[in-house]
Peer 1: 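Let me give you the structure first, and then I'll get to my questions.
Here is how names work: the chains are called A, B, and so on, in the same order as the sequence lines, proteins then strands, and each is numbered from 1.
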Amino acid sequence: MRLIQSKQNPPQEKHQNQAVFALLLIAVIVVISVIFNAVSGGKFLDGTNVKIIISHIVWPTFVAWGFCFLFACGYTDLSVGAILVLGSFATTILGSWLGYPGVILGGLIVGILLTFLNFNIFAFTKIPSWIAGISLAMIYEAVAVFFKVNKTTETLIYTEMSKSLRYLGNLPWSVIILAVGLLIAYIIYNKTTVGLNIRALGGNKDVAKALGINITKTLLMVGLICGLFIGIAAIIQQSIAGRTLVKTGLTSINMVFQPLAIVLLAQVLQKRLNIIIAVPLCSIIIFAIFNLMTIMGVPSGTLQEAFLGAFLIAFGIIGQRGYKGVVK
Amino acid sequence: MNTDKMLEIIGLNKYFGPTHANKNLSFSVKKGEIKGLIGENGSGKSTLISQIAGLYSSDSGQMLLDGKPYSPGSPIDANNRGISIVMQELGVIGSLPAGVNVFLGRTKQFTKNGVVSLKALNKAAAEQFEKWDLPKVPLSKLTDGMMIETRKIIELARALSVDPRLLLLDEITQSLSMNNRNKLYELINKLKAMGRSVIVITHDVEELIRITDTITVLRDGEVVGDVVSAETTPDEIKHMMVGREISGDYYRADTTPEYADKVVLSVRDLTVPGEIENVSFDVHESEILGFCGLSDSGIHSVGKAVYGLIKPSGGSIHLKSKDLMIKSASKALRNNMAYVPKDRDNEALMIRASIHDNFVLPSLTELQGKVGYLSPAKLKKMAQDMTDKLSVKCTDIYQTIDALSGGNKQKVNLGRWLAKDIKLLILDCPTRGVDVGVKAYIYFLMKEAKNNGVATILISDELTEVLGMSDRLIVMKDGTVADVIRRDEDFTEQSVIRVMI
């Protein structure tokens, strides 16, 4: 009797394929970088410029990892940008009181608490998460405005962090944090019961429930994990930029546009490469493109974003080629 | 207390809102007994075994396991007591690998310092496939895109991985092709030999009588019969199920192929890499052309490729009646072709939408007015007429599809195409998971379509079905056409099996 799709040692084969694909992607990034360098007259691979690119991919990568967990369980949260803003404020305020412990605690406490709160709301109210997320974003933005200037007539506010507290945004610290983040995200997503349960929840809630997975507990765990990554992102973001600007009226959503683009790109690649590993590589690709466009004088806010959108669509089309996705 | 009884159910009741799904049910399963459970769609079989498996709680009544009160709070609780289930429609998690699916919800046993060892998990999963002699599957591959049969085998491995003393199988044989069905029978015998018990639900009455020791018949949530399998007949079971006589011969009674000379569809050298190779055939007006084969024969891919759902690497699909080539599903639909897939919940029906929406959607072009306006009254009438004509059991036409039983879902699935002016109908396992009454009705609809000149491609894992309904039968093996047998030739199971194997 013939066996259905039998293979010898498939796990090893899978890991080898993933490693080959990751190396291939890195090689492509190197080749593209050389081309970019030639196009920009040697400015792209200039040491300072490379440092800028590396520094700037760290916080969006952390947000993107947070999104990986969020999307894996089948939820959407548009208040992440507002949480980042509040987290950044908290790092500055607690940092000015307590030094580096305050910087770290500020981001982590706000990130974890607010995302956890969001998931409590999603889990217990049953309001669709994208609707609840928008409402929460408006509340958090208003809190940020009130918290900082205590008057709602002020529409554009920011907070500045002391230079002596911003080393976590500098190399090599930010890259070390990125490497640790990659390890933690990879293990949680792929090698823990909660990671598998989160993915099961997004795959089919009814099956997950029937297999004894506690849906509410899993959702709340997503809040904690996602909050951890957003909290770290807030710390790094504030350490690099030194200030965070916010207006009311859902402008905080702008902050998550690039992380969303990164996750989208990583999702396209995930058939061949684990999404957690794909995220930082996609961050490099996207920021390299933005950086080149800036060097080339392409105006940001209009053409840069339009180009990124077109790039994502093209990448998506290429990524879907040969995908059957049918149930026979 | 009879200690020979493994599970005893006494006066079990279950309500879903105003619906009294199970009414005072009582029956028992002995150690080493293979118990069959049968009844019409909606008779309460799945609800009952869901209660046993800890998926549903009971509103009243009692269950005793080994003479002690048994009231599982969850499926894991049931697993811990040695009871596991393979559900008809539950499935696996597509975004997770097959190996993880086997132990999902129980991954802690492979966890050390918070980290799950996927190597150990896959090894344990492979051991389960080995132990129970199940067809192997690539354990590290995501289950998304796997065949429905492969996914069922993964679910079976999951149920067996708890080393069950009582295994509950809810209509899984109809998802399996003949070779894997035989494997399942062997497995059931093995469990029996080990002193384990099995409750099997299937709509195939002959199969149920063949593989079980005793059969309990349900009707409208009540036990209406409890018989020894060796002492009963299919007709007796059917009579108990529906409360009236049902003809045992609901297939075609004629023995000669009857169809027009006019070719409706001509397929030449159709090739889908890894699935089918150089498949050629013609389908004629009023013909039912059957396709059968083992699990890897490619019969299901033929239906998808002909309808334009998967892109072939070579060959042609010529719709002769319109003199055009079919290259996409939308083109097929626009030109009076229809396709009813095997996996109705995932591929055919809008499961969260209403009966009304599911009926009207394929016919919107025909229903719209001159300026494209869709009259709500007209849509409602169409949906209501079809619901009445097909006797869909529902509260009203606005009830969501996911609340219907398998058979009633299939009535909607098939009926919405028959409401249109269809010239070519592709049916992939149209009677999967439906009871004998609905089966008979589907065969009646197929015969009616044939009489109206509709050409039908009938793909089925049920040999009796294709033999019973087809004018000609294409037997496939390893993705190629192995033989074509006419109704007036050696049209028997034995001759077909000889070609298949």
Peer 1: With a 4.0 Å cut-off on N to O distance, would you call R151(B) and D343(B) a salt bridge?
Peer 2: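 A salt bridge links R151(B) with D343(B).
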Peer 1: Could you tell me which portion of V115(B) (side chain, backbone, both or neither) has an atom closer than 4.5 angstrom to a non-hydrogen atom of chain A?
Peer 2: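 For V115(B), backbone and side chain are both near chain A.
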Peer 1: So for L196(A), is it side chain, backbone, both, or neither that comes closer than 4.5 Å to the heavy atoms of chain B?
Peer 2: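 Its backbone and side chain both get close to chain B.
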Peer 1: Side chain from CB out, backbone as N, CA, C, O: work out which of these in N214(A) comes under 4.5 Å of a heavy atom of chain B, or both, or neither.
Peer 2: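 It is neither, since no heavy atom gets under 4.5 Å.
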Peer 1: So which part of T111(B) gets closer than 4.5 Å to some heavy atom of chain A, the side chain, the backbone, both or neither?
Peer 2: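 Just the side chain, heavy atoms under 4.5 Å.
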Peer 1: Would you please say whether a donor-acceptor pair under 3.5 Å links the side chains of S161(B) and R106(B)?
Peer 2: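 Yes, a side-chain donor-acceptor pair sits under 3.5 Å.
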Peer 1: Of the listed residues (I85(B), N101(B), D77(B), T107(B)), which shares the most heavy-atom pairs with chain A below a 4.5 Å separation?
Peer 2: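 It is T107(B).
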Peer 1: Heavy-atom count check: over 12 atoms from other residues, nucleotides or ligands less than 6.0 Å from W132(B) CH2?
Peer 2: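 Buried by this count: over 12 neighbours within 6.0 Å.
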Peer 1: Any carboxylate oxygen within less than 4.0 angstrom of a Lys/Arg side-chain nitrogen, looking at E275(B) and K304(B)?
Peer 2: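 So E275(B) does not pair with K304(B) through a salt bridge.
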Peer 1: Specify whether F71(A) and F67(A) have parallel, tilted or perpendicular ring planes, treating 30° as the upper limit for parallel and 60° as the lower limit for perpendicular.
Peer 2: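 The arrangement is parallel - the two ring planes meet at less than 30°.
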